[in-house]
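Throughout, protein chains are lettered first and strands after them, A, B, ... in sequence-line order, and every chain is numbered starting at 1.
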Amino acid sequence: MLSSPTSPSPVSPPLEIHDLTVSYHRKPVLYGIDLVVPAGKLVGIVGPNGAGKSTLIKACMGLVPVRSGWVKFFGQPPSRSLTRVGYVPQRESVDWDFPVNVMDVVLMGRYGRLGLIRRPSRADRDIARECLERVGMLPYADRQIANLSGGQQQRIFLARALAQESELYFMDEPFAGVDAATESAIVTLLQDLRARGCTILVVHHDLPTARQYFDMLLLLNMRVTAFGPTEEVFTSELLQKTYGGRLTILSEVAHAAAAGSDRRIP
Amino acid sequence: MKPRPTSPARSGFALWAWGGVALSPCVARASRIGELTTNDVTAQAARFFTFADPSARWALLGALLLGLSCGLLGGFLVVRKLSLVGDALSHAVLPGVAAGFLWSLTKNPFAIFVGATAAALLGALAVEAITRGSRLPQDTALGLVLSGFFAVGICLVSMIQRLPTGSKSGIDKFLFGQAAAIGPDDLVLLAAVAAASVLAVTLFHKELLATSFDPGFATASGLPAVWIHRGLMVLLACSIVVSLQAVGVVLVSAMLIIPAATAYLLTDRMNRLLAISAGVGMFAGAMGAFLSFLGTNLPTGPFMVLTAGGVFALAWLFGPRHGVLARQLLHHRNTLRTARENTLKAVYHALETREFEGGDVTIPELAALRGESAMDTRRAIAMLRPAGLGDLDPASDRIRLTPAGLQRAGEIVRNHRLWELYLANAAHFATDHVHEDADEIEHVLGEETVRRLEERLDHAERDPHGRPIPRPTANSTRAQR
C-alpha cells in the first residue's frame, strides 16, 4: 500500500481512503474509492451482493492485497494506527468448534495492545469481563463457544471488539442472522459507542433499518455511488443507481479483465 | 490460506488405519517376537528399563523428545485444520534426506538435517506457489507436493542403495524408523528442536491461539499472523526431520496428528489440548521405542503409531464428553427420561379428565388412555420409581405420583401447551399442526425459555385447543432430569 508523505494533523478524520482499487485474481472488486469519514458518526455501508462491501473493510484492515491507493486512520498509515481501530469480522469466518471458551475469545481483543509475547494481565481480564457485561454475556464467560446461538456468537464478537478499546470500528454484517433481541442490543451498543465519540462503519443488508439506524450512508457498488447524511442519500434515485444496472459495463469489463480479453464470446 | 475443514478425529483415525497397512510388510519381521523365548523378552525388557544398554537410553530419550515436540506442534496443526500439511511435509523431506546422505556419503545427522529441512521448506513453498498461482484448492496442492517430492526421494534412495560404498546401510531406516539407531548427535538435534517447540509454544501462546482461531482478526489487530504461520511451519519441518530417524518418513505425520486428535476429543481448552497431546505423544514414543527394542531390528515407527492409535481409540470410545459411549449413554438417558415424562404426562391427563378429583388413576384407566396393554403400563409406571417420581400403591393398585412427579408432570403439560400456543399464535401454525412438534419440544424447554414464552404470550391461561395451561409452583422440589 502506498503511503502519503503528509504528516498527521490534529483534525485528521478517523478514516480517509484515497483512490483505493482492490482486485481478486485481476478482477477489480473496488475501483478508485475515495472516502473521508468524519468523526463520531454511525455509518452504514449498503449495496447489492458482490458490491465489495466486505472487501472495503478487509482492504482497510490490510486483509486483502490492495492494487493501488491508500488508507489512513486518524491521518496515519494503518501500520501505525491499528490499535485505534477495532474490527468485527463476519460470524461465519471462524470455526465455532475451536477449543476456546467465551472469555478466551474476548481476551483476544486485548492482544493487539499487548504486543508480542506479553500475556494478558488481571486488568485485561477485568476489561474483557466488563465488555462481556456490556453485551449481556457475562454469565457465559466460561462456556465453550460451540454451545452458543448465532446471536450469542455475534455478541461475543462485539465484546471482543469492545475490548480493543478503539476509536474507529469496522463491523462486517453484525446484524446477519441474529434474533430481534440481539439486533436491538447491538443498535443500543452502537449508539452508546457513538456517544463516547467513536466512529463506526457497519456493513448492512436491510435497507429499511439502514435508514433508521445510521447517521450516514455509504452506497457502494464497486464505486462509491453516494456518501452523505442518511436523509440526503436515502433517495430512490440514488438507491436505484446503486442497486440498478447502471454499472453493468464496468462489471463486464471487470470480467473481461479477469479473463484476459475484452472480446466477448458471441 | 483457507484449508478445507476436515475432522481431526477422522483424519487421525484414517492415519491410524494407514499405520496398520504400512506395518504389514514388517509383519514377517515382527513375528520374530513370537520366536523369542519368554526369557529373552524379560531380559530385553530388563535391559530397557534399567537403562543398562546405552542405545536403549538414547532411544527412549529420543522417543520422548520427539513425542513432545510432535504433540505440541500437532495440536496447532489440528486446530488450524492443517493436518494434511504434516503429511505433505513429512513426505517432502525424503529427497532432502537422500541429498544430505549423498552429500556427506555417511549417515551424518547434521548434513541430513540441513538437507531434509531445506526440502520440507521447499515443499511448503511449493504448496503456497501452487495454491496462489492457480485455481487449485490447497488440499490438491498438498497431494501434488506430497507424492511428487516422495517420488523424487524414492529415486534418490534407490540410487544410494546401488552405490558401491558400504555406508548405505542407514538410509532404509528413514522409511520406517529405527529408534535404536538414534545416536548422541541425533539426540542433540532432537533436544534442540523439542526445546525450541516448548519455548515457542510458551512464549507465543497468545499469538498462536489468536491466529489459529481467527487469522483475519489477529492480523487486523496487529499480530503478525503470516510470520507466526511461517514460524510454525519451520518448527514443524525441523520437528519432522529430527523425528525421521525414530519414526520414519512414512509415519511421522501420524505422530503429529494422532496425539492431537486424541486430545481434541478429550478437552475444549487449547492449553489442556496441548498438554494432553504432548503427553500422548511422549507415551506413544516411549512405548514404540520399548516394543521395537524387545525384538532386535524391529522398526519403531509402526509401534509408536499403533500405540498412539490405541490411545486414540480409547479416547474415541470412552471420552467423557465427545466419546462414542458417552454420547450413546446420554442418548439412552434422554430416551428414558422422555419415556418417564410421557408417562407422567398421561397420568396428568387422566387426572385432568376427572378434574383432579376421585383419587388416584388406575392401571386400566391409564392403559386405555395410552392405547397400550396393562403390562406395558405397569412397566412404564415401574420406571418412575427409581427416579422418585411415582409408584404403584400396593394396597389399591393405583398410580400414586410423588410431589416431584406431580410437579414435573405439570411442567411437561405446561411446556407442551405453551409451545402449541406459541406455534399457533406467534409462528402462525395451523392449530392441528402443532401437537407433534410440541411432543418433542416439551422435554427440552428450559425454565428460562418457558419464562420468556410466558411473557411473549402474555401469561395466557389456555392453549389453542382451549385446555388450561398449568402453573406448577416453581419452588417445589424438581424432578430428577
What are the two closest heavy atoms between [X] and [Y], and how far apart are they?
X: L208(B); Y: A200(B); value: CD1-O, 4.2 Å
X: I258(B); Y: A308(B); value: CG2-O, 3.4 Å
X: M233(B); Y: L77(B); value: CE-CD2, 4.3 Å
X: S69(B); Y: S197(B); value: CB-OG, 3.5 Å
X: M282(B); Y: L68(B); value: CG-N, 3.6 Å
X: P174(A); Y: I186(A); value: O-CD1, 3.5 Å

Side-chain donor or acceptor of [X] paired with backbone N/O of [Y] under 3.5 Å:
X: K206(B); Y: R118(A); answer: yes
X: S23(A); Y: P28(A); answer: no
X: D124(A); Y: S121(A); answer: yes

Pull out the residues in residues 144-172 of chain A that come under 4.5 Å of chain B, heavy atom to heavy atom, sorted by number.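 The list, in residue order, reads Q144(A), I145(A), F157(A), R160(A), Q164(A).
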Do any of residues 103-115 of chain A come closer than 4.5 Å to chain B, heavy atom to heavy atom, and if so which ones, in number order?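 Residues in range: D104(A), V105(A), M108(A), G109(A), Y111(A), G112(A), L114(A), G115(A).
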Once salt bridge (charged side-chain N to carboxylate O under 4.0 Å, His left out) is applied, what residue pairs with a partner in residues 126-140 of chain A remain, sequence neighbours excluded? D126(A)-R129(A), R134(A)-D192(A)
Out of L84(B), V79(B), V78(B), V85(B), which residue meets the side-chain contact (heavy atoms from CB on, under 4.5 Å) rule with L82(B)?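 Exactly one option meets the side-chain contact (heavy atoms from CB on, under 4.5 Å) with L82(B), and it is V85(B).
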Among L116(A), D97(A), V85(A), T83(A), who wins on heavy-atom pairs under 4.5 Å with chain B?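 Top count of heavy-atom pairs under 4.5 Å with chain B: L116(A).
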Atom group of L273(B) that falls short of 4.5 Å from chain A, counting heavy atoms: side chain
In terms of heavy-atom proximity below 4.5 Å to chain A, should F204(B) be classed as side chain, backbone, both, or neither?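 The side chain, not the backbone.
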Parallel, tilted or perpendicular: ring planes of F175(A) versus H204(A), cut at 30 and 60 degrees: perpendicular
With a 4.5 angstrom heavy-atom cut-off, which part of L63(A) approaches chain B: side chain, backbone, both or neither? side chain
Checking V94(A) against F217(B) for the side chain to side chain contact (heavy atoms under 4.5 Å, CB included) test, could you report, in this order, the C-alpha distance in whole Å, the side-chain angles of both residues, the deciding distance, and whether it holds? CA-CA 10 Å; V94(A) 303; F217(B) 180 84; over 6 Å; no
Residues in residues 319-329 of chain B that sit under 4.5 Å from chain A, counting heavy atoms only: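 The residues closer than 4.5 Å to chain A amount to none at all.
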Side chains of T21(A) and R67(A): any donor to acceptor distance under 3.5 Å?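 Short answer, no.
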Any side-chain donor near an acceptor of the partner, H229(B) and T211(B), under 3.5 Å: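 Note: H229(B) and T211(B) side chains miss the donor-acceptor criterion.
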When heavy-atom pairs shorter than 4.5 Å are enumerated against chain A, which of M270(B), R269(B), R135(B) gives the highest number? R269(B)
